[in-house]
Amino acid sequence: MFTHNRVSVDLNGAWKFCPDPMQRCRRQQWWKNPTQPNGIFPCWDVDGLWDTTVPSTWKMQHVELKWYDGHAVYMRDFDAELPAGHEAYLVFDGALYSAQVYLNGQLAGEHEWGYSPFQLRVTELLRERNRLWVLLENIPRMDRVPGEIHDWCNDGGLINPVKLIYVPITHIHNFRTETRLEGDEVVIGVEVQLESRDRCAVEPVTVRIPELDLAAKVEASVGRVSRCELRLPRTEITLWSPDEPLLYQTELSTRFETLGDEIGYREIRTSGREILLNGEPIRLYGICTHAEFKDTGRTATAEGIQLAIDHASGLGCNFLRCAHYPYPEAWGRALDRAGLLWWEEVPAYWLPNMHTDSQTRRTCGMLAETMRRDWNRASLIFWSVSNECCWRNPENPKENNYGYWFEAVKMVRELDPSRLISCAEAGNMISVKPVWAPDSGDEFDRAIEDAESWRPGHTDEWYALFDVLAANLYVGNPGEAEPAYRRFVEMFKSYNKPLMLSEFGSMSLRGAEVPADRLGSEARHAAMLREAYEVFAGLPEISGYCPWCLADIRVPLHWRWYNEGKGLFRYGILDEQYEPKKAVYTALREAVARLKQQFANQPKETGR
C-alpha cells in the first residue's frame, strides 16, 4: 500500500512498554481488561509499565534487555478524528518479529514475520480516544526467516515508524513506475491499483509529471492492475543517475484524492557481461551494509542514515549491498537523493529449509510487502532473494532449496520486471573438499590449493534464473586472492552474465597494537583489501565489488580477542561507533580510486 505523504496521525514518540517473558499480557488479555485500582489482577497499570520510545529496538533502548529474546508489550493512547467518507489504516514500517495488534480492546490484525511493512484496516475500531496495544515476539526459530542462527543481532521492537493514515473509501491503493529507453524516446510506464469497499468501483486516474509537462489518464478498477504510458524525447528529461540524482514530483489524482511522490526515472538492465544504467555500462564500486546505526542499532534516524551515506561516499562507493533484510522506507528515499545505487534483500540466510512451503511462503510474503513499498525508488536496482542458502542433499533432490528460488524469482519478475534479480549464492562451488552446509555456520574456508578443482555448485537452470551472478568469496590469508577470484571468473564467464563479488574482506580491531600479520590487526585487514583490488584490476569480467562491511555490528556469535568480549562482528571498515579504522579505511578508499581510474581509462565495450 502507498502510505507516503497521506493524511496521517504520527504515532511515533513516547509509548509504554514491558518485557513479558511469562506472557502475562496474553494470558490476562490486558488489551481488554483494564486495571482495577485496588485489585491484584490483571497485573499491570500504566504507571507500572516502562517508558520507551518508538521507533526503537528494545536491545538498545533498555540496557537490561541487551540480549533479550522473547515476548514484549507496547501500548499507547492517541486521539483521532476519522474524516467522513474515509477509511483508517494503521501503518507499521517494520517490527521484530511477529506482531499482534489490538485497538480499543479488539484484534486489529496480526503479522507473522519481521522487517517488512504492513498495514491494518481499523476503520470500524477507531474512536476519538484510542488505546493501541502491540504484542511482539522475537524468539529465533528454524521455521522462521531468518532462522535460529544469523550473523547480526536478533533485535526486537517497533524498529521503524508507526502512523495512522486516512484514505478515501475509494482510493489509489498503490502504483508502480518503470522506465525504458526506446531509441530517442523515454517511455515511463505506470501501473495503478484501486481499492474500495465497492468491489465494482471504476475510477479515472490522472497521472502527471508537472515539470516534464506530461499527463495521461487511465481507468482503474478494483481487483486488477491498470496501465498507461507517458512518452517524451530523451533530450527533454534528466535521467536519474549517481552523478545527477534528479527526482521529479509525480502525481496521481482521482476525484477523491491526489497522491504525490518524488521519483527518479532511469533504466537498469544487463547486456552480456555488463550492467547498463540508462544504456551505459556501469561498474558497481560498492560496500556491504547492515541497518546498524550508531546509538540506535536496527532503528534508522535521519542522522544515522546520513552518516552511513557520508562514509560510503567518502570511500568512493556508488553502490550499497544492503544486507540481509528489508531496510526502512526512509533509507531508500535518502539514497534516491544521495545518488547511491543499492541492493535490497530478504533474510533467507543460512537456511536449509527454504524449499518447504511454510518457509517459501514467509519469505515471499516479506519480499512482496517490501517490493510494493520500495518499487518506485530509482536508486534501488537489485532484488536479492537469499544469502548463503546453498544447502543441497544429493541423495534426495526434494530437500534442496531450488523450489524456493524458482518460486521467488517468478514472483519478483511478475511484480517488478524493471529491476535486476540476484542472490549471494554463486560462491557455492563443488571441490574435492566438502561444500558448505548450514551446520558449518560461518566456516567458509577452502584450501586455496584446491581452487583449480572448484566447479559451479548449481545447475545451469539455476544460473539462468538470475541477471547477475554474485558470490560471497572470502580468502583466509594474503596471497590467496588471485587464484580464488581468477577461478571464480573462469567458472562463470561462460554464462555471459555480469559477475559480482557480493562479499569479501577480513576483520580488525580499530587501533589494536598487535603484530601486522596477526588476524585482527588493521594492517592485515588493509593488506587483504589492497590485494583483492589489485587482483580485480586484472579481471575486467567482474562488474561489482562489495567488501564486507561498512561498520562493526552487534551479534553474540563471535568471541575472538578482537571482539573484546562485546559480542561485536569486527569486519567493518568503521567500528561500531562509526569511527574509521584508519589503515583499513585509507587502504579501501585508495584501492577503489585506483580501480576507478584504471577502468575509466579503458574503452567501453557494450555487451562484452
Side-chain angles (χ1 to χ4, degrees), residues 151-152 284-290 292-294 304 307-321 323 340 442 444-445 448 472-482 484-485 501-539 542 544-555 558-598:
D151 222 344
W152 64 94
L284 303 178
Y285 299 96
I287 192 162
C288 296
T289 65
H290 265 286
E292 178 91 1
F293 301 96
K294 178 183 175 182
L307 185 60
I309 288 172
D310 289 345
H311 277 301
S313 299
L315 289 166
C317 297
N318 63 1
F319 175 73
L320 303 179
R321 182 197 166 209
L340 273 172
D442 57 353
F444 295 103
D445 293 344
I448 200 64
N472 297 350
L473 188 51
Y474 291 88
V475 297
N477 299 287
E480 296 182 351
E482 196 279 333
Y485 300 140
L501 269 300
S502 44
E503 288 184 30
F504 61 94
S506 189
M507 67 288 290
S508 59
L509 173 62
R510 185 174 73 89
E513 296 181 358
V514 296
D517 60 353
R518 186 178 183 186
L519 180 65
S521 72
E522 282 196 47
R524 191 179 191 277
H525 192 172
M528 298 281 283
L529 289 172
R530 274 194 298 268
E531 179 183 313
Y533 281 85
E534 288 167 1
V535 173
F536 299 154
L539 296 172
I542 300 177
Y545 325 89
C546 299
W548 187 267
C549 81
L550 182 63
D552 292 346
I553 64 167
R554 299 163 298 134
V555 56
H558 302 273
W559 303 99
R560 302 288 288 274
W561 70 268
Y562 44 79
N563 305 120
E564 300 181 294
K566 295 180 179 180
L568 291 167
F569 198 14
R570 293 290 191 192
Y571 275 78
I573 310 304
L574 318 170
D575 72 4
E576 70 276 14
Q577 295 299 314
Y578 272 63
E579 292 295 327
K581 301 173 183 178
K582 292 181 180 179
V584 182
Y585 190 97
T586 300
L588 181 58
R589 183 185 62 206
E590 292 177 351
V592 170
R594 283 193 297 271
L595 196 62
K596 279 186 174 180
Q597 186 62 44
Q598 173 183 318

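Residue numbers start at 1 and run along the sequence shown.
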Distance-only criterion, 3.5 Å: show the donor-acceptor pairs between side-chain atoms of residues 562-571 and protein atoms not counting sequence neighbours.
{"unit_1": "N563", "atom_1": "OD1", "unit_2": "W559", "atom_2": "N", "d": "3.4"}
{"unit_1": "N563", "atom_1": "OD1", "unit_2": "R560", "atom_2": "N", "d": "2.7"}
{"unit_1": "N563", "atom_1": "ND2", "unit_2": "L568", "atom_2": "O", "d": "2.5"}
{"unit_1": "E564", "atom_1": "OE1", "unit_2": "R570", "atom_2": "NH2", "d": "2.7"}
{"unit_1": "R570", "atom_1": "NE", "unit_2": "Y562", "atom_2": "O", "d": "3.0"}
{"unit_1": "R570", "atom_1": "NH1", "unit_2": "D552", "atom_2": "OD2", "d": "2.9"}
{"unit_1": "R570", "atom_1": "NH1", "unit_2": "E576", "atom_2": "OE1", "d": "2.7"}

To the nearest 0.5 Å, how far apart are [atom1] in [X] and [atom2] in [Y]?
{"X": "L539", "Y": "Y545", "atom1": "CG", "atom2": "OH", "result": "8.5 Å"}
{"X": "C546", "Y": "N472", "atom1": "SG", "atom2": "CG", "result": "9.5 Å"}
{"X": "C317", "Y": "L340", "atom1": "SG", "atom2": "CG", "result": "7.5 Å"}
{"X": "D310", "Y": "L315", "atom1": "CG", "atom2": "CG", "result": "11.0 Å"}
{"X": "N318", "Y": "L284", "atom1": "CG", "atom2": "CG", "result": "6.0 Å"}
{"X": "S508", "Y": "I573", "atom1": "OG", "atom2": "CD1", "result": "7.5 Å"}

With sequence neighbours excluded, what pairs up with [X] under the side-chain hydrogen bond (donor to acceptor under 3.5 Å, both in side chains) test?
{"X": "E531", "result": "none"}
{"X": "N477", "result": "E480, R524"}
{"X": "T289", "result": "Y327"}
{"X": "Q597", "result": "N601"}

For this session: Report yes if some heavy atom in the side chain of M528 is under 4.5 Å from a heavy atom in the side chain of V475; otherwise report no.
Result: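 Heavy-atom side-chain distance check passes, below 4.5 Å.
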Exercise. Side chains of L509 and V514: does their closest heavy-atom pair fall under 4.5 Å?
Worked result: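 When only atoms from C-beta onward are counted, V514 and L509 do not touch, as no gap falls below 4.5 Å.
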For this session: Any ring-ring contact (aromatic ring centres under 6.0 Å, His included) involving residues 504-524? Give me the pairs, sequence neighbours left out, ordered by first then second residue.
Result: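 Sorted result for residues 504-524: F504-Y533, F504-F536.
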Problem set entry | Closest approach of L320 to A312 (non-hydrogen atoms, all atoms of both residues) |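 In terms of heavy atoms, the two residues are closest at CD2-CB, 3.7 Å.
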Exercise. Between P580 and H311, which heavy-atom pair has the shortest distance, and what is it?
Worked result: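 Distance-wise, the nearest heavy atoms are CG-CE1, 4.1 Å.
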For this session: Return the set of residues passing salt bridge (charged side-chain N to carboxylate O under 4.0 Å, His left out) with E503 (not counting sequence neighbours), or none when no residue passes.
Result: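 By the salt bridge (charged side-chain N to carboxylate O under 4.0 Å, His left out) rule, E503 matches R321.
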For this session: Not counting sequence neighbours, which residues clear salt bridge (charged side-chain N to carboxylate O under 4.0 Å, His left out) with R530? List them please.
Result: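 If we apply the salt bridge (charged side-chain N to carboxylate O under 4.0 Å, His left out) test to R530, skipping adjacent residues, there are no hits.
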Exercise. Is E513 atom CD crowded by more than 12 heavy atoms from other residues, nucleotides or ligands, each under 6.0 Å away?
Worked result: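 Open: at most 12 neighbouring heavy atoms sit under 6.0 Å from CD of E513.
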For this session: Name all residues meeting the side chain to side chain contact (heavy atoms under 4.5 Å, CB included) criterion together with A516; count only those two or more places apart in sequence or in a different chain, and write none if there are none.
Result: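 Once residues adjacent in sequence are excluded, the partners of A516 under the side chain to side chain contact (heavy atoms under 4.5 Å, CB included) criterion are A523.
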For residues 583-594, tabulate all N or O donor-acceptor pairs below 3.5 Å that involve a side-chain atom, not counting sequence neighbours.
{"unit_1": "T586", "atom_1": "OG1", "unit_2": "K582", "atom_2": "O", "d": "2.9"}

Exercise. Can you name the residues that form a ring pair (Phe, Tyr, Trp, His ring centres under 6.0 Å) with H290, not counting sequence neighbours?
Worked result: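 Applying ring pair (Phe, Tyr, Trp, His ring centres under 6.0 Å) to H290 gives W152, H324, Y325, W548.
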